[in-house]
Amino acid sequence: MHAGDTIFALSSGAPPAALAIIRISGPEAGAALTALGGALPSPRRAVLRDLCDPGDGNLLDRALVLWFPGPATATGEDLAELHLHGGRAVVRAVEAVLTRMPGLRLAEPGEFTRRAFLNGRMDLAEAEGLADLLFAETEAQRVAAIRMASGHLSRQVEGWRQAVLQLSAQVEAELDFSDEDDVGEGGGDATGQGIAALSGEIGTALARPRAERLRDGIRVVLAGPPNSGKSTLLNALVQREAAIVSDIAGTTRDLIEAPVALGGIPFMFTDTAGLREEGAEAIEAIGIDRARDAMAGADLVLWLGPEGQGGPVRWEIEAQIDRPGVSRETKAAPRHRLSARTGEGLQGLVDDLVATARTLLPSAGDVALNQRQHRLLSECRDALEQAVCQPDLLLRAESLRLARLALDQLLGRTHVEDMLDALFGNFCIGK
């Protein structure tokens, strides 16, 4: 990969389709467009052109072409788009001609977006939001991703960064001009109060729900003794045969995970082996151990047994009210009584799950931090807390420098090459 190359790729859906859009970005984009379709059109104006092979003059396609001179483009470079007919043969023919042009090559995954980042058209937080948007499957994921991609977090972080710079300037003034009249003796206390206020503001952001629940789903584990209706309830919740249902105890021996969106919110439901103290053979015992581990890591445990077990958040569920003669003695009344087989009472459980999940996810006006962002923001907050407690002005200035460095890393303003490879490698080739 070389930043000075001119790259191209199909940036629309896989053919056949009504249209196929090929993007060309780099210093030779204008020359490539001229070689295919003649003189460059007016910037940002779609023009119908005959695209011909510059080698033999054969017509490739009649298409709309657009020209976007840099740097005010999506990638920050000269950019051309070819809006072709979406047949496979058309796309292959145009790509073959572009490949033969000197200085052009096929783009690598995420390379268009990577160039946008490197050329200052977006920062790292916005690029991460775009990555989330490409993989969003639920409404909640879409809303959170589009806020991140549109720069909501970036603007907030930049505000914090400017505040750190201002506080650093105050500390430097105290160091350099402490004997001057315009730097009062109370300046240190005022600076410390400002640092503490900024630390508290960042701490509030860190306390909000994380992005992992939006991406991976609210983890709901179905647990209980054998034949308590766990697998039947799982199938009813995800509306497909995700788990084998049988009256034979020990049928489910491993974790069965099934993702589903309910009310626009992602869930990950996990069916587990029936828990029992006696009678489990070796393989089933391994499944029981895994079931207990899943319960410990769940956001919510739906317990379908006569004796309450599970994690700190547990709902007692009676899921077989359609079966005559089935009764349970529990210490507390079940939160829901339903029939997973007939569907009676199931909607009430679904509504309850959705309402509870909304309290575990970021609100509509908040930005959900991913693991990397949360770690760097935590480093910034820790550095600010050290600065508050630091009476030595030189050490306080160093703590503020570390806080600013963490914010710079969050936005991608420092060396983050390995992280970029991992992030943009997950993009499609034409993005």
Side-chain angles (χ1 to χ4, degrees), residues 9 11-13 23 25 72-77 79 107-162 201-202 204-218 259 261 264-266 357-358 360-380 406-431:
S11 295
S12 54
R23 303 169 78 195
S25 180
T73 65
T75 60
E77 305 173 322
L79 183 71
E108 297 183 8
E111 193 168 1
F112 286 95
T113 307
R114 185 173 188 144
R115 291 192 175 196
F117 166 74
L118 294 174
N119 292 324
R121 301 300 295 174
M122 64 172 60
D123 61 39
L124 194 52
E126 292 170 326
E128 288 174 314
L130 180 57
D132 291 339
L133 188 60
L134 292 175
F135 292 99
E137 295 183 356
T138 69
E139 179 64 12
Q141 291 169 339
R142 182 195 68 81
V143 170
I146 206 163
R147 286 182 65 81
M148 184 74 72
S150 63
H152 184 83
L153 175 63
S154 300
R155 290 188 291 272
Q156 194 171 35
V157 172
E158 181 58 30
W160 292 331
R161 183 177 177 276
Q162 292 300 320
E201 186 178 342
I202 293 176
T204 299
L206 287 170
R208 294 171 185 153
R210 297 273 296 278
E212 284 73 20
R213 281 177 173 159
L214 267 177
R215 184 188 65 236
D216 302 331
I218 304 296
I265 294 176
R358 294 190 192 281
L360 302 176
L361 296 177
S363 64
D366 293 335
V367 171
L369 300 173
N370 62 30
Q371 184 178 13
R372 184 193 72 89
Q373 294 161 353
H374 193 276
R375 173 179 59 81
L376 290 170
L377 208 54
S378 296
E379 291 179 7
C380 176
L407 296 178
D408 285 343
Q409 289 178 320
L410 197 157
L411 295 177
R413 294 181 178 176
T414 58
H415 184 71
V416 287
E417 194 67 25
D418 291 341
M419 190 272 166
L420 295 183
D421 290 340
L423 171 64
F424 296 121
N426 291 323
F427 279 58
C428 59
I429 289 177
K431 193 61 183 171

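Taking 4.5 Å as the limit, some side-chain heavy atom of Q371 sits within range of a side-chain heavy atom of R210. Between L133 and R142 there is a side-chain heavy-atom pair separated by less than 4.5 Å. Contact check for N119 versus T73: no side-chain heavy atoms found under the 4.5 Å cut-off.
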Test side-chain contact (heavy atoms from CB on, under 4.5 Å) on R358 and I265 and set out the steps. CA-CA 8 Å; R358 294 190 192 281; I265 294 176; 3.5 Å; yes
Under the side-chain contact (heavy atoms from CB on, under 4.5 Å) rule, what do L376 and R372 come out as? Steps first, then yes or no, please. CA-CA 6 Å; L376 290 170; R372 184 193 72 89; 3.3 Å; yes
Could you go step by step and tell me if D132 and Q141 meet the side-chain contact (heavy atoms from CB on, under 4.5 Å) rule? CA-CA 8 Å; D132 291 339; Q141 291 169 339; over 6 Å; no
Applying side-chain contact (heavy atoms from CB on, under 4.5 Å), run through E212 and H374 and close with a yes or a no. CA-CA 11 Å; E212 284 73 20; H374 193 276; over 6 Å; no
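Distance alone, capped at 3.5 Å, is enough to place a donor-acceptor pair between the R155 side chain and the S150 backbone.
A salt bridge links E158 and R161; the closest N-O separation between the charged side-chain nitrogens and carboxylate oxygens is under 4.0 Å. Between E108 and R114 there is no salt bridge, since none of the side-chain N atoms of the basic residue sits less than 4.0 Å from a carboxylate O of the acidic one.
In this structure, the side-chain hydrogen bond (donor to acceptor under 3.5 Å, both in side chains) partners of D123, at least two apart in sequence or on a different chain, are S154. Under the side-chain hydrogen bond (donor to acceptor under 3.5 Å, both in side chains) criterion, R375 pairs with E379, sequence neighbours left out. Legend: residues meeting side-chain hydrogen bond (donor to acceptor under 3.5 Å, both in side chains) with T75, ordered by chain and number and at least two apart, are S25.
The nearest pair of heavy atoms linking R213 to L361 is CB-CD2, 3.7 Å. Scanning all heavy atoms of the two residues, the minimum distance from G412 to F117 falls at O-CZ, 3.3 Å. P209 and L360 get closest at one heavy-atom pair: CB-O, 3.2 Å. Residues A107 and A9 approach most closely at CB-CB, 4.0 Å, considering heavy atoms.
Interatomic distance, L407 CG to W160 CH2, rounded to the nearest 0.5 Å: 8.0 Å. If you take CG on L153 and CG on L124, they are separated by 10.5 Å, rounding to the nearest 0.5 Å. Of the inter-residue distances, the one linking N370 atom CG with E128 atom CD reads 4.5 Å to the nearest 0.5 angstrom.
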